Amino acid sequence: MPQRAKSVLVIGGGVAGIAASVALADAGFRVLLLEKRPLLGGRASSFVDPIVGERVDECQHGTMRCCTNLADLLERLGVHQQIDYCDTLEFLEPNGRRSVLRGSPLPAPLHTLPSFLLFRALSLRDKLGIAYALLKIMRANPRHALWEQQSFAAWLTAMHQTPAAIRRFWRPILVSACNEELERISCAYAFFLFQTGFLAHPKAFHFGIPKVPLASLYTEPTQDILRRRGGCVRTRATVRRVEVEGKRVEEVVLADGERLRADWYVLAVQCDLLAHLLPKEVIESDPYWQRALQIPLAPILGAHFWFDRPLVCPKAVAVLDRRIEWIFHRSLNLGKDPKQGSCLSVVISASYPYENMEKEPLKALLLEELTACLPDVAKAQLVHWTLVRWPKATLSPAPGVEALRPPQQSPLSNLVVAGEWTQTGWPSTMEGAARSGYLAARVICHQEGLPCSVPVPDLPKTGLAKWLVR
């Protein structure tokens with residue numbers, strides 16, 4: 001008789017939990033995925049807005065071609081074609097002038113050079129300083145302990161970067177990518193992101209925007225793929241605690257008292273929730289858990305505004321010298337009829353100053369920002385708006401934080417952890433989340449003596465980057 005397939009219980013239906021579930025199901029495990037919310041995707045998910053009656057993203061997310069494991073996950077789910085990639089990044093100045101970074105036939109790392117030379121938001125002095133710093137980044141080893149301990153803001157000062165270069169180049173890219181201010185981003189993460197996202201491969205920086213709500217990328221496709229492989233997804237399933245005996249997980253107890261058992265367990269939740277799910281004596285017994293609970297987390301804020309008329313706005317534009325970082329034309333991205341009006345989404349990364357601001361003053365501030373960036377907004381009537389705040393959205397990539405990030409194999413023999421806060425080699429992004437899920441799946445596959453093809457490699461260095469980028 002064939003041997004019974006081993007079972008895996010995955011707690012948390014964010015990108016990390018989905019990646020682990022799909023990879024393990026593909027490897028032949030019976031997977032049960034538990035998610036406390038109605039839809040999958042975690043912080044990269046959606047909710048049903050009762051006023052407009054449709055799925056609305058928690059906070060608008062984009063991706064890049066360098067995010068190879070997220071792309072692989074979307075391919076496995078059969079939804080990668082729902083990402084609209086563009087080789088142009090647009091930047092909007094307060095006076096309405098736009099600058100762009102786009103690709104060219106030149107080899108990496110020179111592929112964006114022509115557009116960079118024409119970047120109108122920067123002066124010649126700004127560009128020369130940035131070029132010098134990028135040359136230094138190309139030759140740096142991001143894994144060196146020195147760079148993990150130094151803030152990128154301090155490094156920019158040492159590189160004599162102009163205030164305009166910091167405000168209009170370094171900050172827009174890194175604060176959006178890392179959800180943190182430059183003073184709290186280590187050089188290791190900053191160097192890695194520029195090498196991987198902009199210098200090594202000519203298509204790495206291509207920006208991808210979902211053509212469907214985020215939850216639609218994940219919820220039904222994950223349910224379908226697990227069901228076809230003998231598994232199951234249970235939403236609205238809240239885990240109360242994880243029961244541990246010795247060095248093993250014995251069972252998981254749900255909020256309604258139901259008890260579930262499996263051969264393996266994947267804990268794919270935010271690191272601050274570990275202390276709520278695991279017994280206190282387990283947390284206190286090993287520095288693995290204690291370090292994870294010390295990981296600092298940064299907030300993010302997103303808001304959606306529905307207006308009564310069509311508005312002219314790019315699909316996505318980075319905003320310079322304002323309090324918001326990005327504007328997304330949600331209606332355009334989702335292919336909505338312009339006659340139905342416009343929905344614009346705004347994002348404020350590292351949103352510390354706004355965490356305790358009341359909704360109405362915050363609404364006024366965001367509308368003021370939108371109107372300053374897009375004057376047509378002043379002529380439109382606001383039909384509806386919604387605000388989403390994640391006080392603990394992502395790992396803060398501060399100097400020294402890498403030492404706190406745990407590997408996926410936990411001290412408990414049949415429990416692995418997943419999440420962008422674990423050791424992934426990436427900062428706290430959807431790519432980092434997908435990698436963590438794949439790495440967790442690889443631990444289990446290796447323990448069971450099974451082959452595992454994840455995670456997938458980064459984009460290769462091409463052109464001159466093969467010799468110039470460290």
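Just so you know, these numbers come straight off a predicted model, no measurement behind them.
We find the CG-CG distance between Asp286 and Leu278 to be 11.5 Å, quoted to the nearest 0.5 Å. Here the CG-CD distance, from Leu260 to Glu251, works out to 8.5 Å after rounding to the nearest 0.5 Å. Considering CZ of Arg322 and CG of Leu366, their distance stands at 11.5 Å, rounded to 0.5 Å. The line from OG of Ser21 to CD of Glu35 is 10.5 Å long, rounded to the nearest 0.5 Å. Rounded to the nearest 0.5 angstrom, Arg470 CZ and Leu468 CG are separated by 13.0 Å. To the nearest 0.5 angstrom, Leu73 atom CG is 12.5 Å from Arg435 atom CZ.
Counting all heavy atoms, side chain and backbone alike, Ser216 lies closest to Arg55 at OG-NH1, 3.1 Å. Counting all heavy atoms, side chain and backbone alike, Ala140 lies closest to Gln195 at O-NE2, 2.9 Å. Listed here is the closest heavy atom pair of Leu415 and Ser410: O-OG, 2.7 Å. Gly12 approaches Leu33 most closely through the heavy-atom pair O-CD1, 3.4 Å. Looking at every heavy atom in both residues, Phe198 comes nearest to Leu89 through CE2-CD1, 3.9 Å. Asp49 approaches Val52 most closely through the heavy-atom pair OD1-N, 3.2 Å.
Look at Glu358 and Lys363 and you find no salt bridge, because none of the NZ, NE, NH1 or NH2 atoms lies under 4.0 Å from a carboxylate O. One finds no salt bridge joining Glu402 and Arg143 here, because no Lys/Arg side-chain nitrogen approaches an Asp/Glu carboxylate oxygen to under 4.0 Å. By the 4.0 Å N-to-carboxylate-O rule, Glu90 lies too far from Lys315 to be salt-bridged with it. A salt bridge does not link Glu355 to Lys392: none of the charged nitrogens lies less than 4.0 Å from a carboxylate oxygen. In this structure, Arg234 pairs ionically with Glu258, as a charged nitrogen and a carboxylate oxygen lie closer than 4.0 Å.
The closest donor-acceptor contact from the side chain of Ser349 to the backbone of Ile300 lies at 3.5 Å or more, if one exists at all. Remark: side-chain polar atoms of Lys461 are paired, donor with acceptor, to backbone N or O of Val469 under 3.5 angstrom. Between the side chain of Asp57 and the backbone N or O of Leu214 there is at least one donor-acceptor pair closer than 3.5 Å. Arg102 places no side-chain N or O within 3.5 Å of a backbone atom of Thr88 that could act as its donor or acceptor partner. Of the possible polar contacts, none joining the Ser186 side chain to the Pro399 backbone as a donor-acceptor pair under 3.5 Å is found. Checking side-chain atoms of Gln60 against main-chain N and O of His329 turns up no donor-acceptor pair under 3.5 Å. Side-chain atoms of Ser176 do not come within 3.5 Å of backbone N or O of Ile173 as any donor-acceptor pair. At least one donor-acceptor pair closer than 3.5 Å links the side chain of Glu431 to the backbone N or O of Leu70. Side-chain atoms of Asn69 come within 3.5 Å of backbone atoms of Val456 as a donor-acceptor pair (strictly under, hydrogens ignored). The backbone N or O of Leu395 lies less than 3.5 Å from no partner atom in the side chain of Arg405, so there is not a single donor-acceptor pair.
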Report task. Please lay out, stage by stage, how Val388 and Leu301 fare under the test side chain to side chain contact (heavy atoms under 4.5 Å, CB included). Result -> CA-CA 6 Å; Val388 179; Leu301 178 156; over 6 Å; no
**Report entry** Worked verdict on Glu58 versus Ser45 for side chain to side chain donor-acceptor pair (under 3.5 Å)
**Finding:** CA-CA 6 Å; Glu58 294 279 354; Ser45 185; 5.7 Å; no
Query raised in the report: Stepwise, does the side chain to side chain contact (heavy atoms under 4.5 Å, CB included) test hold for Leu9 with Leu34?
Result: CA-CA 8 Å; Leu9 193 156; Leu34 302 179; 3.7 Å; yes
Requested in this report: Any chance you could lay out the ring pair (Phe, Tyr, Trp, His ring centres under 6.0 Å) test for Trp147 and Phe191, step after step, and finish with the verdict?
Outcome: CA-CA 9 Å; Trp147 303 125; Phe191 292 176; 5.0 Å; yes
Report task. Could you walk me through whether Arg76 and Asp72 pass salt bridge (charged side-chain N to carboxylate O under 4.0 Å, His left out), step by step? Result -> CA-CA 6 Å; Arg76 289 170 183 255; Asp72 180 81; 2.8 Å; yes
Query raised in the report: side chain to side chain contact (heavy atoms under 4.5 Å, CB included) between Ile18 and Leu40: does it pass, once the steps are laid out?
Result: CA-CA 8 Å; Ile18 294 168; Leu40 300 183; 3.9 Å; yes
Report task. Please assess Arg171 against Glu325 for the test side chain to side chain contact (heavy atoms under 4.5 Å, CB included), listing each intermediate value before the final yes or no. Result -> CA-CA 10 Å; Arg171 189 184 184 280; Glu325 267 83 48; 3.2 Å; yes
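A donor and an acceptor atom, one from each side chain of Thr422 and Gln408, are located under 3.5 Å apart. Between Ser428 and Glu420, the side chains place a donor N or O and an acceptor N or O closer than 3.5 Å (distance only, hydrogens not considered). A side-chain donor-acceptor contact under 3.5 Å links Trp170 and Gln161. A donor atom on one side chain and an acceptor atom on the other are not found under 3.5 Å apart for Tyr288 and Gln409. With 3.5 Å as the limit, one finds no donor-acceptor pair spanning the side chains of Trp289 and Glu284. Between the side chains of Ser7 and Arg261, no donor N or O sits under 3.5 Å from an acceptor N or O.
The neighbour count for Lys211 NZ, taken as heavy atoms of other residues, nucleotides or ligands under 6.0 Å away, is above 12. Arg236 CZ: 12 or fewer foreign heavy atoms inside a 6.0 Å radius. Heavy atoms from other residues, nucleotides or ligands lying under 6.0 Å from CG of Asn356 number 12 at most. By the 6.0 Å contact criterion, CD on Gln81 is enclosed, its count of non-hydrogen atoms from other residues, nucleotides or ligands being greater than 12.
Looking at Ser351 and Trp390, their side chains never come closer than 4.5 Å, going by heavy atoms from C-beta outward. Two residues are said to be in side-chain contact when any heavy atoms from C-beta on lie closer than 4.5 Å; His304 and Leu344 fail this criterion. In this structure the side chain of Leu24 reaches within 4.5 angstrom of the side chain of Ile444, judged on heavy atoms. For the pair Tyr85/Ile209, no side-chain contact is recorded, criterion being any heavy-atom separation below 4.5 Å from C-beta on. Under the 4.5 Å side-chain criterion, counting only non-hydrogen atoms from C-beta, Phe192 is in contact with Pro427. Counting heavy atoms from C-beta on, the side chains of Trp306 and Thr386 come closer than 4.5 Å. The closest side-chain heavy-atom distance from Phe205 to Thr112 is below 4.5 Å. Between Trp264 and Glu448, the closest side-chain pair of non-hydrogen atoms falls below 4.5 Å.
Under a cutoff of 6.0 Å and an axis angle of 45°, Arg37 and Phe47 do not form a cation-pi pair.
Two rings, from Trp326 and Phe207, have their centers less than 6.0 Å apart.
Ring geometry for Trp385 versus Phe305: interplanar angle under 30°, hence parallel rather than tilted (30 to 60°).
Put simply, the residue from Ile83, Leu77, Val15 that forms a side-chain contact (heavy atoms from CB on, under 4.5 Å) with Leu217 is Ile83.
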